[in-house]
Amino acid sequence: MRANTRRCPPSRCRSRALAGLGALLLAACGGEPATPAYHADETPTSLSDWGQLSIEGGVLQLAEGVEPYALATPLFSDYAGKLRTVWTPGGAARYEPEAVFDFPVGTVITKTFYYPENVDGTVERVREEGAPHLGLDLGEVRLVETRLLVRREAGWLALPYVWNTEETDAILKPVGAAYRLAFAEDGAEPTEFAYLVPNRNQCAGCHAVNNTTRALSPIGPKARHLNRDLAYADGAANQLGRWVETGLLEDAPNARPRSAFWTDAAEPLEARARAYLEINCAHCHNPVGPADTSGLYLDEGTPFSPAYGLCKLPIAAAQGTGGRKHDIVPGDPNASILHYRMASDNPAEMMPELGRSTVHAEGVALVRAWIAALDGAC
């Protein structure tokens, strides 16, 4: 039996109770439910001013008109769970077969990072982003941050908001933040790690997917990542079909590309590994991305060739090679730079270099199995 029953630590429960009492008093005085808003010029210091999310009855809820979504294979972020949402003030996103959808000005995309929390304040790993998408019970989870991408006339703006101790609101932290957290599961000794909230410049490290323009862009909302079912309040449905029906997406054909679920053992091993590498690496490792000089391109459209790392000599890896000669050596993950850097938590060696301080053991195991199954030699 588990030693740590999941519920909020006593000190945080007391803070939440006082905050909840304040919310009840406010409601009695005529407080209004959250209403989604787009701020074209000013940048609110409080997440609540955007009206995308609200706390109702101890649960983080989506405001009316705010749509949850999930990716077939999500980006790894130190085992945090993520609640993703999208809202537009009017108009639909235009379908793109390969690229991120073209969202209208005023679109607000949110991503809330959280962990299941134990009574002693330790947290648990979220190994699959399967649930919950329609609400988070604050007695069960610790909210850490909510990142916003806002589509303004001049382009996308990235904003990191950090949740207060009482979990009543999140405050804009353009310089980022750092937390010492500890994983504790199944009676094991707690394992500490550093959770880093990116500053606005670091947001660009991933979201400036074109190294020439340096313009920010979402990463996940592509047809192939969204072409999956999601459990909505009124039943399960295909996300792209739902977006079309609700008017959130236009010009979508009936035939749409689809990425593999990296955790689905019934899908081909190569498809799962490449889907994982695309979402975790290809925003930098593509022909126009920040890692364009590496010559290693990990988007799903790159043929499995030297450009995808097959028997490829490193160009700009420096000490990150670990003495290895090729990015991917068929049949030999131990000799492959790609596997070595994924399995490292040394900031001078690890890849991805942003967005994590721990090793994604399951992701590393997937890529290791794929490389080990490859035929050939260098």
Side-chain angles (χ1 to χ4, degrees), residues 73-82 111 113-118 121-129 142 144-145 147 160 176-186 188-199 201-207 219 262-263 272-273 275-285 289-291 294 296 298 309 314 316-329 332-372:
T73 292
L75 176 74
F76 172 73
S77 304
D78 285 333
Y79 289 103
K82 297 167 194 170
K111 184 163 59 173
F113 295 70
Y114 67 90
Y115 289 98
E117 186 174 37
N118 299 311
T122 59
V123 298
E124 298 183 8
R125 294 172 175 86
V126 178
R127 299 185 187 277
E128 291 189 49
E129 284 188 32
R142 172 173 179 167
V144 183
E145 59 166 321
R147 301 178 193 173
Y179 296 94
R180 295 298 302 181
L181 300 178
F183 290 127
E185 299 172 313
D186 299 325
E189 286 296 314
T191 304
E192 288 195 350
F193 68 102
Y195 183 96
L196 302 177
V197 177
N199 61 47
N201 290 333
Q202 289 171 323
C203 290
C206 289
H207 286 280
I219 296 171
W262 75 279
T263 55
R272 293 163 54 208
Y276 181 90
L277 291 171
E278 158 136 346
I279 201 67
N280 282 278
C281 311
H283 47 275
C284 285
H285 283 277
S294 70
L296 178 65
L298 296 173
Q319 70 184 74
T321 66
R324 290 151 179 79
K325 295 181 179 179
H326 301 96
D327 288 345
I328 297 175
V329 178
D332 195 348
N334 290 332
S336 301
I337 298 171
L338 178 68
H339 175 267
Y340 175 77
R341 301 193 76 171
M342 287 179 59
S344 175
D345 60 4
N346 180 343
E349 299 175 342
M350 69 183 195
M351 283 290 173
E353 59 188 356
L354 294 175
R356 73 172 180 96
S357 61
T358 60
V359 174
H360 190 196
E362 295 82 0
V364 172
L366 171 66
V367 172
R368 180 181 182 86
W370 170 59
I371 294 175

Closest non-hydrogen atom pair between [X] and [Y], with its separation:
X	Y	value
Phe193	Ala182	CE2-N, 4.1 Å
Arg368	His339	NH1-CE1, 3.2 Å
Asp345	Arg356	CA-NH1, 4.4 Å
Ala194	Arg180	CB-NH1, 3.5 Å
Pro314	Ile337	CG-CD1, 3.7 Å
Cys281	Leu298	CB-CD1, 3.6 Å

Requested in this report: Can you label the angle between the Tyr276 ring and the His360 ring as parallel, tilted or perpendicular, going by 30° and 60°?
Outcome: tilted

Query raised in the report: Do NZ/NE/NH1/NH2 and the carboxylate oxygens of Arg125 and Glu362 come within less than 4.0 Å?
Result: no

Separation between [atom1] of [X] and [atom2] of [Y], rounded to the nearest 0.5 Å:
X	Y	atom1	atom2	value
Leu296	Asp327	CG	CG	5.0 Å
Glu117	Glu124	CD	CD	10.0 Å
Tyr179	Arg142	OH	CZ	6.5 Å

[X] vs [Y] side-chain heavy atoms within contact, under 4.5 Å:
X	Y	answer
Asp78	Ser357	yes
Leu181	Phe183	no
Glu349	Tyr340	yes
His283	Pro352	no

**Report entry** Side-chain donor/acceptor of Ser336 to backbone N/O of Leu338, under 3.5 Å
**Finding:** no

